[in-house]
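This report concerns only the one structure given below.
In the text below, chain A, chain B and the rest are named by the order of the sequence lines, each starting its count at 1. Everything numeric here is computed off the predicted structure, so don't read it as measured data.
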There are 2 protein chains.
Amino acid sequence: MGETSTRTVDRAIDLLAVVCDTRGMTLADCARATDLSASTALRLLRTLEAKGFVQKTEEGLYSPGRRIMQLGAAALSEESLIDYCKADMEALVSDTGESTYLSVPGFRETAIYISIIEGTHSVRHTSWVGRTIPLAGTAAGEALVGRVAPGAYVVVEKGVEADVTAIAAPVLSGRRVVAALSLVIPSYRLNEVLVARYGELLAATAGSLSSGLSHEPGVPTAALSS
Amino acid sequence: MGETSTRTVDRAIDLLAVVCDTRGMTLADCARATDLSASTALRLLRTLEAKGFVQKTEEGLYSPGRRIMQLGAAALSEESLIDYCKADMEALVSDTGESTYLSVPGFRETAIYISIIEGTHSVRHTSWVGRTIPLAGTAAGEALVGRVAPGAYVVVEKGVEADVTAIAAPVLSGRRVVAALSLVIPSYRLNEVLVARYGELLAATAGSLSSGLSHEPGVPTAALSS
DNA sequence: AATATGGTTGCCATCTAGTGACAATGCTAG
DNA sequence: CTAGCATTGTCACTAGATGGCAACCATATT
């Protein structure tokens with residue numbers, strides 16, 4: 001795919017990445033970091049600036065502009081998160097046989113299910129997209145309010161529903177919790193070993209998803225698109 | 001600045017915006033929306049895809065890619081928010097004479113001050129960047145946990161400190177609360193009229209900041225950079 | 001003060017890389 | 001089946017992207 005790439009756009013994007021990764025750079029810093037001539041870098045940065053992707057301070061330092069914030073916010077919308085998490089949620093269901101949920105903060109002190117992939121057992125937890133659950137007393141809620149450390153998981157028995165146990169882990173974008181990934185399992189099917197196993201699997205999955213949404217300078221994105 | 005723009009980059013960025021604004025578009029849709037030939041649009045979208053800015057589903061539909069999420073997350077980092085809010089915070093201090101604070105969620109159930117612009121009165125509230133305050137019982141906390149509607153404000157007297165009244169409003173990016181903007185004022189200087197006046201001013205400022213971070217398709221960004 | 005170094009910005013000759021018309025192939029609707 | 005549209009690849013053409021260079025500025029050093 002590299003040979004069908006558009007060099008000029010490649011270069012502009014590299015400059016954008018540099019500005020987002022290391023804010024407060026001079027033109028000369030940007031040119032060096034991307035191995036471009038200062039003239040070329042200036043012209044491309046000017047284009048990015050005109051489009052709102054970067055901004056230049058009075059001192060001549062470049063930092064991200066509003067447009068990249070806007071597009072980033074749009075990209076982190078629910079639809080994107082659903083798409084982004086789908087394969088991993090399906091893998092979770094494959095590995096555990098249990099129903100997996102993706103939830104985000106709702107209005108006031110609620111969370112809302114935005115994506116559900118049901119488990120494979122004939123006795124399984126069932127719910128619906130759009131359902132709201134309270135933040136308080138639920139595993140997803142705990143994860144969403146930041147009570148669960150990145151890479152960890154929380155277990156809540158008899159939270160909203162009496163016969164189920166929920167395990168949840170936070171999905172972060174940078175340092176910000178953007179979603180909670182959870183498994184909701186009929187309690188009779190669980191024991192301590194399984195809870196630990198599923199919890200660790202869930203936390204690893206959420207951690208991997210979080211890594212993909214984190215600020216990773218210099219990541220070869222083509223290699224990560226698989 | 002238009003005549004020094006790089007046409008190829010302009011075009012790629014327009015395509016990126018179209019994909020983020022209206023996800024699930026075909027190549028032909030993208031080409032029409034940007035008035036490019038299908039060949040050109042395909043090549044530019046291929047470049048954006050290789051760089052992770054867009055992704056293409058099995059059905060051939062384009063949606064935002066991980067890289068734009070990552071850069072958006074980085075752009076919404078604290079430093080950017082500080083830069084972005086600075087002028088409006090200064091205007092607030094100008095208009096009210098009171099100290100104004102920008103805070104974001106901290107670890108667990110705290111908020112953290114990331115930017116402070118002190119008021120102009122000799123008797124003024126003083127605090128420090130990096131200070132954490134509890135989410136519970138503070139105006140900023142109320143705003144950060146989503147208890148304050150967009151465009152509204154909350155008033156808390158004797159929250160953390162006995163002699164001050166805090167007014168706060170949420171700053172959103174899309175539907176997500178990313179920060180709280182607040183005024184912290186010695187209580188003796190306030191009456192109901194002033195509280196309402198400052199509250200409305202603060203809410204309007206936070207609303208304006210939120211608008212700037214919202215998903216706004218087709219905004220002429222050069223016009224908004226002033 | 002003079003010199004050296006590095007940064008920013010503009011200019012313009014050069015030529016490479018970006019372009020789009022066209023063709024081939026595939027899919028869908030009538 | 002035909003027509004229309006979408007996707008993808010090819011290639012001749014030239015426009016636009018490039019970078020060397022100069023002018024100017026700021027700062028540090030001698």
Side-chain angles (χ1 to χ4, degrees), chain A residues 1-65 83 221-222 225-226, chain B residues 1-65 83 221-222 225-226:
Chain A
M1 197 179 282
E3 59 274 359
T4 60
S5 210
T6 306
R7 187 180 70 165
T8 302
V9 177
D10 270 337
R11 286 175 160 183
I13 286 177
D14 290 344
L15 279 166
L16 177 61
V18 158
V19 169
C20 289
D21 294 341
T22 314
R23 62 186 60 255
M25 295 180 87
T26 61
L27 167 68
D29 291 334
C30 294
R32 264 193 303 267
T34 50
D35 203 30
L36 297 173
S37 76
S39 295
T40 301
L42 179 63
R43 195 168 42 248
L44 293 173
L45 282 167
R46 279 235 175 96
T47 302
L48 291 171
E49 188 180 358
K51 291 287 188 178
F53 276 71
V54 302
Q55 61 185 345
K56 188 179 177 186
T57 65
E58 289 163 1
E59 298 84 29
L61 305 181
Y62 287 98
S63 64
D83 288 344
T221 54
S225 63
S226 60
Chain B
M1 196 180 285
E3 60 274 0
T4 61
S5 212
T6 306
R7 191 182 67 163
T8 304
V9 176
D10 270 338
R11 288 175 158 186
I13 286 177
D14 289 344
L15 279 165
L16 177 60
V18 159
V19 169
C20 289
D21 293 343
T22 314
R23 65 188 57 253
M25 293 180 89
T26 62
L27 168 68
D29 292 334
C30 294
R32 264 192 302 268
T34 50
D35 203 31
L36 297 173
S37 75
S39 297
T40 300
L42 179 62
R43 193 167 44 247
L44 293 174
L45 282 167
R46 279 239 176 93
T47 302
L48 291 171
E49 189 181 358
K51 289 288 188 178
F53 276 72
V54 302
Q55 60 187 348
K56 188 177 177 189
T57 65
E58 290 162 1
E59 297 83 30
L61 305 181
Y62 288 97
S63 64
D83 290 342
T221 54
S225 62
S226 61

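Atom CG in A:Leu36 sits roughly 10 Å away from atom C1' in D:dT18 (whole-Å rounding). When the P atom of D:dT18 is taken as reference, atom CG of A:Asp10 falls 11 Å away, rounded to whole Å. Nucleotide D:dT7 holds its P atom 15 Å from the CG atom of B:Leu44, rounded to whole Å. Following rounding to the nearest Å, B:Leu45 (CG) and D:dT8 (P) show an atom-to-atom distance of 10 Å. Between A:Met25 atom CE and C:dG6 atom P the separation is 17 Å, expressed in whole Å. To the nearest angstrom, C1' of D:dT18 lies 15 Å from CZ of B:Arg7. Atom CG of A:Leu15 is separated from atom P of D:dT18 by 10 Å (rounded to the nearest Å).
The salt bridge (Lys or Arg N to Asp or Glu O under 4.0 Å) search around A:Arg32 returns A:Asp29, not counting sequence neighbours. Residues forming a side-chain hydrogen bond (donor to acceptor under 3.5 Å, both in side chains) with A:Ser39 (at least two apart in sequence, or on another chain): none. Contacts of B:Ala31 classified as side chain to side chain contact (heavy atoms under 4.5 Å, CB included), with partners at least two apart in sequence or in another chain: B:Ala41. Legend: residues meeting side-chain hydrogen bond (donor to acceptor under 3.5 Å, both in side chains) with B:Thr40, ordered by chain and number and at least two apart, are B:Ser37. The salt bridge (Lys or Arg N to Asp or Glu O under 4.0 Å) test applied to B:Asp83 returns no partner, not counting sequence neighbours.
The CG atom of B:Leu48 sits 9.5 Å away from the CG atom of A:Asp10 when rounded to the nearest 0.5 Å.
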**Asked** Going 5' to 3' along nucleotides 7-12 of chain C, which nucleotides have protein heavy atoms under 4.0 Å from the base (write B), which only from the sugar-phosphate (write S), and which from neither (write -)?
**Response** SSBB--
**Request:** Determine, for nucleotides 23-30 of chain C in 5'-to-3' order, which nucleotides have protein heavy atoms under 4.0 Å from the base (write B), from only the sugar-phosphate (write S), or from neither (write -).
**Result:** --------
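Results of the side chain to side chain contact (heavy atoms under 4.5 Å, CB included) test with A:Thr6 over B:Leu45, B:Leu44, B:Val9 single out B:Leu44 as the only residue that passes. When each of A:Gln55, A:Glu49, A:Lys51 is checked for a side chain to side chain contact (heavy atoms under 4.5 Å, CB included) with A:Phe53, only A:Lys51 meets the rule.
Overall, the helix from C:dA1-D:dT30 to C:dG30-D:dC1 carries an axis bend of 40° between its ends, with five pairs at each end and the value rounded to 10°.
OP1 or OP2 of C:dG18 has at least one side-chain nitrogen or oxygen of A:Thr8 nearer than 4.0 Å. Between C:dG18 and B:Arg11, no contact under 4.0 Å exists linking OP1 or OP2 to a side-chain N or O.
No side-chain donor from either of A:Thr8 and B:Thr8 sits under 3.5 Å from a side-chain acceptor of the other. For the residue pair B:Thr34 and B:Asp14, no side-chain donor N or O sits within less than 3.5 Å of a side-chain acceptor on the partner.
Closest approach of A:Val19 to A:Pro64, counting heavy atoms only: CG1-N, 3.8 Å.
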